[in-house]
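The structure appears right after this line, and notes come after that.
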Amino acid sequence: MAVINAVSPTDDQIKAFLAGHPAGEPVFMLNLLKFKDRATYKDGEDVSGVTAYGRYAAAFGEMLRDLDIVGVETVFSGEIVKTLIGQADGEWDSAAIVRYPDAETMFKTVSSERYRSFYHHRLAGLEGQLLISCTEKAMFS
């Protein structure tokens, strides 16, 4: 099984994401995050990747509150400690699950001008990630 950390989606991934989620159904985004040891800001500011990504996360939360974007919430966020099954120790540093009311809201949120104003913190701090979209639909009864 090949796993590739990336920072941004491809056009094909965006199209598949939007097509794969019916309108009006909640979307849960599972984030597996790997941070850079040192952030890579264009101005050379020397902070950790975690600090840079923390700035991004704080600005994202502020944006949601300021714009009163209803239905978007961080369901879980925490440090990854150890892999129990499989082999992935060290691949990711943190995990988060963010709930959106639907795929369109998710895409509009991360495509907004406000989002782009702080996106550079994400790029500066993040080495790569897996961003996996999930639904509430139970696969097993």
Side-chain angles (χ1 to χ4, degrees), residues 1-45 47-141:
M1 174 173 67
V3 177
I4 300 172
N5 277 336
V7 176
S8 299
T10 66
D11 289 341
D12 287 343
Q13 287 173 319
I14 292 169
K15 289 175 189 170
F17 167 76
L18 291 172
H21 290 279
E25 288 191 13
V27 175
F28 293 81
M29 300 304 294
L30 170 61
N31 295 259
L32 299 175
L33 307 167
K34 180 67 177 175
F35 303 114
K36 296 174 183 172
D37 289 332
R38 305 305 303 164
T40 52
Y41 282 107
K42 289 182 181 179
D43 67 3
E45 181 181 6
V47 297
S48 71
V50 171
T51 296
Y53 193 87
R55 292 172 181 171
Y56 161 81
F60 185 78
E62 281 180 33
M63 178 186 74
L64 295 178
R65 285 187 298 279
D66 290 352
L67 300 179
D68 196 27
I69 299 176
V70 178
V72 180
E73 65 174 319
T74 300
V75 177
F76 170 83
S77 179
E79 179 182 358
I80 293 177
V81 177
K82 198 76 180 150
T83 302
L84 179 61
I85 297 175
Q87 297 177 351
D89 285 341
E91 289 297 317
W92 302 286
D93 300 313
S94 181
I97 300 173
V98 180
R99 181 194 186 281
Y100 293 87
D102 53 49
E104 185 177 335
T105 299
M106 186 274 185
F107 197 72
K108 283 182 179 178
T109 301
V110 299
S111 299
S112 69
E113 194 166 320
R114 172 88 178 261
Y115 181 84
R116 287 192 299 274
S117 75
F118 57 81
Y119 185 74
H120 66 283
H121 294 301
R122 182 179 180 280
L123 293 176
L126 196 60
E127 183 176 314
Q129 80 173 102
L130 293 183
L131 183 57
I132 303 166
S133 64
C134 308
T135 68
E136 290 182 306
K137 189 184 311 178
M139 292 185 66
F140 310 103
S141 312

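As the structure is a computational prediction, the values presented were derived from the model and not from experiment. FYI, the numbering just counts along the sequence from 1.
If you check the side chains of Y119 and R116, you find no donor sitting under 3.5 Å from an acceptor. Between the side chains of E127 and N5, not a single donor N or O lies within less than 3.5 Å of an accepting N or O.
With sequence neighbours excluded, the residues satisfying ring pair (Phe, Tyr, Trp, His ring centres under 6.0 Å) with Y53 are F35, Y56. V27 is linked by a side chain to side chain contact (heavy atoms under 4.5 Å, CB included) to F17, H21, M29, A103, S133, counting only residues two or more places apart in sequence or in another chain. For S77, the side chain to side chain donor-acceptor pair (under 3.5 Å) criterion is met by no residue, not counting sequence neighbours.
The shortest non-hydrogen separation linking D89 to K82 is OD2-NZ, 3.0 Å. For I4 against L130, the heavy-atom pair with the smallest separation is O-CD2, 3.4 Å. H121 and A52 make their closest contact through CB-O, 3.3 Å (heavy atoms, listed as atom of the first residue, atom of the second, distance).
To the nearest 0.5 Å, atoms CG (N31) and CG (L131) are separated by 5.0 Å.
Counting only heavy atoms from C-beta outward, the side chains of L32 and I80 approach each other to under 4.5 Å. The shortest side-chain heavy-atom distance between F118 and R55 does not fall under the 4.5 Å cut-off. In this structure the side chain of T83 never reaches within 4.5 angstrom of the side chain of E91, judged on heavy atoms.
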